[in-house]
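No experiment lies behind these values; they were computed from the predicted model shown. Here is how names work: the chains are called A, B, and so on, in the same order as the sequence lines, proteins then strands, and each is numbered from 1.
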Amino acid sequence: MNFEYTEEQLMIRQAARDFAQRELIKDVIERDTHSIYPTEHVKVLAELGFLGMLVDPKYDGGGMDTISYVLAIEEISKVDSSVSVIMSVNNSLVCYGLENFGSEAQKEKYLKPLARGDKTGAFLLSEPEAGSDATSQRTTAEDKGDYYLLNGTKNWITSGNTAGTYLVIAQTHPEKGHKGINVLIVDRNTPGITVGPHEDKMGMRSSDTHSVMFNDVKVPRENRIGEDGFGFKFAMKTLEGGRIGIAAQAVGIAAGAFERSVKYAKERKAFGTELMNHQSVAFKLAEMAVKIENARNLCLKAAWLKDQNKPYGYASAMAKYYAAEAAMWVTTEAVQIHGGYGYVKEYHVERLMREAKLTQIYEGTSEIQKIVISRQINNDY
Amino acid sequence: MNILVCISNVPDTTTRIKFTADNKSVDYTGVQWIINPWDELALTRAIELKEAGKANKIMVISVGNSTVEATLRKALAAGADEAIRVDAEALDSFSTASHLADAIKQYPADIILCGIESSDYNGSSVGGMLAEMLDLPSVSSVSSLEIEGGSIKITREIEGGRQQLETALPAVLVVQKGIAINPRIPSMRGIMTARTKPLKVITASAVNAESQINSYDTPPQKSSCRMIDPENLDELVELLHKEARVI
């Protein structure tokens, strides 16, 4: 067993850290306050190759391993999770899905621009009445021979307005239940698509979350990924990997709040000495450090399993569940350590706390992760 | 036009510096190494000039043991084409400049860039020494570098203003802030291609240091703030006068 990072992994972590600490930090509060999409920063992410860093170089990606990806997401999330979620959805849902399950023609046409970051991608699974219960898809993809006719509404879509390419999960054969679901590659500019208003969210306010409506949208048959009825399996397989990105994001949110708390505790005095010298604060920091280390290790293990082509669904569910819960706890305590200062925007920790909340909800709630974990336990023991 | 950038491997600027028990050397245990920030700006300008089609090849060079290689590879990832490590210990500015000069005689370049100082020892002397040893013209405090045709246009900061000048090539330019705005962050493609770029290790002839370090000290701790009661103005005036001696 080896816990050392390679020189290359460290270089990637440093590149992400430099980008986050030099660039993202500058106007993160303003972007959050006014829900401003980080257009320029996403361009830089693309130039640096972060948007397609996991994709094979033959499809214009960075060819990096999942460990590097986890390290990069963590560094960016220490500063701004609205940016890391764009990166995570593009890499681990959209690019991953296309690269692993798409045809050569689909990869050539759709994966390459996404890996280069010329376009971003969105993953359209959730519906107004199908969140955690992903099998009850009401969006329909009617088989019309040469094309599918798409109708329905998708909710909570990250990059819903800015994305150039959608991966849409929809029901073709309702009588077959989840085995009748398909996944279609849909160009954002196809006639019949309406994007709803920007969601005014609690956290990650500058990522671009929308509902997307499909009204008789014609999607060419060749845009279906995999065999007929592969959609649900596609979604589940893709989300397995997506969880690693969100777990890494949660680790980053927690670590960002922790680093700010340590700095504050060493500077701020109360009752004649630095907060760090008060056991009640020092013990909080100790607990934070342990939770973050645990979360990071779970996350790295899931990433390592994925890189070794070993099953990682159980590990990624554990990582996502634990990291999200840790992030929520750590950020809440970070606000507490900061006292009144923690409750104002200038000190960042209240924003990190708002961001942490979402990691318990999206790409599979904490409860869904526990279902995944407990089913595996039921099988194995 | 080929550019060579001299790179100093320095501890990350947020490192908490510790000394060995005898206070005669720095304890580098657990230190994160980075490209000296001024050298990183020099490298960034070299990359910008190459991207603009004004320069052909960028080489980077550093003196040190194998720990320097990670820093050199970062420079390759950022956009340098070749790296050279002179396998020797950088004992002081003189030994560093001597090793660099020996190596540069084997690997000449048209423009040799050095950061104005290193962020660890702040010696500000390698660039000047190197130019002297190579018998080349040198320009210090360079804040802007343009290549036009076969010649270069330089701006340097001087007291109360700026100076524009040209120089014959090859030349050593000692660069400072302003030469580039933001240091170049390596891209994924850059990190990937750095795997296959050449990193040569060359052996060095023995060079003795011309100076020795007797001891190190950390700066004194900031003294704590003393509060004077607002009713007690006389005490404040007395302390400012007698203790602080500012009035």
Side-chain angles (χ1 to χ4, degrees), chain A residues 4-26 40-41 43-65 68-69 71-72 75-76 87 90-91 95 115-117 259 262-263 266-267 269 272-274, chain B residues 7 9-16 30-37 40-41 43-44 47-48 51 60 65-80 83 85 177 180-197 199 221-227:
Chain A
E4 301 252 328
Y5 299 121
T6 65
E7 196 180 277
E8 207 166 78
Q9 287 162 348
L10 289 173
M11 212 189 285
I12 291 164
R13 182 173 74 177
Q14 189 63 44
R17 185 177 294 172
D18 287 347
F19 169 64
Q21 302 291 338
R22 288 178 195 164
E23 303 297 329
L24 289 182
I25 193 76
K26 287 180 195 161
E40 291 307 312
H41 296 306
K43 270 188 205 158
V44 179
L45 272 185
E47 282 164 19
L48 291 174
F50 282 121
L51 286 179
M53 67 182 283
L54 289 171
V55 176
D56 191 313
K58 72 177 177 190
Y59 301 117
D60 294 346
M64 297 302 168
D65 62 4
S68 304
Y69 171 66
L71 297 176
E75 288 305 320
I76 291 169
M87 179 176 155
N90 202 65
N91 266 295
C95 287
R116 288 194 299 268
E259 286 169 13
V262 173
K263 185 167 180 283
K266 292 179 92 165
E267 285 171 3
K269 285 185 179 176
T273 184
E274 285 81 10
Chain B
I7 301 276
N9 186 40
V10 299
D12 187 285
T13 47
T14 57
T15 309
R16 288 173 76 89
V31 162
Q32 291 284 326
W33 297 94
I34 60 166
I35 302 175
N36 173 41
E40 200 176 15
L41 289 175
L43 173 64
T44 302
I47 295 166
E48 288 168 358
E51 285 171 348
V60 288
N65 60 26
S66 58
T67 57
V68 169
E69 290 187 9
T71 299
L72 284 174
R73 260 192 287 273
K74 188 182 168 195
L76 292 173
R85 174 170 76 84
K177 231 170 126 179
I181 306 302
N182 292 315
R184 181 61 60 98
I185 298 172
S187 68
M188 296 305 109
R189 191 157 289 273
I191 291 170
M192 197 166 58
T193 53
R195 292 172 190 165
T196 52
K197 287 180 179 175
L199 195 162
Q221 289 265 325
K222 263 197 275 181
S223 54
S224 60
C225 182
R226 195 175 337 160
M227 308 298 282

**OP:** Supply the atom-to-atom distance A:Leu51 CG to B:Met188 CE, rounded to the nearest 0.5 angstrom.
**Re:** 10.5 Å
**OP:** Flag the one option from A:Met53, A:Glu47, A:Arg22, A:Gln14 with the top tally of heavy-atom pairs under 4.5 Å to chain B.
**Re:** A:Arg22
Original post:
Non-hydrogen atoms of chain B under 4.5 Å away: do they reach the side chain of A:Met64, the backbone, both or neither?
Top reply: side chain
Original post:
What residue, out of B:Ala77, B:Pro183, B:Pro186, has the most heavy-atom pairs lying under 4.5 Å from chain A?
Top reply: B:Pro183
**OP:** Kindly check if the number of other-residue, nucleotide or ligand heavy atoms within 6.0 Å of NZ (B:Lys177) is above 12?
**Re:** no
Original post:
How many angstroms lie between atom OG1 of B:Thr14 and atom CD of A:Gln21, to the nearest 0.5 angstrom?
Top reply: 10.0 Å
Original post:
How far does OG of B:Ser187 sit from CD1 of A:Ile12, to the nearest 0.5 angstrom?
Top reply: 10.0 Å
Subject >> Under 4.5 Å from any heavy atom of chain A - which part of B:Arg195 >> reply: side chain
Original post:
How many angstroms lie between atom CE of A:Met11 and atom CE of B:Met192, to the nearest 0.5 angstrom?
Top reply: 13.0 Å
Original post:
Hey, is CD on B:Gln32 packed in by over 12 heavy atoms from elsewhere, all under 6.0 Å?
Top reply: no
Original post:
Going from OG1 on B:Thr71 to CD on A:Glu7, what distance comes out if it is rounded to the nearest 0.5 angstrom?
Top reply: 8.5 Å
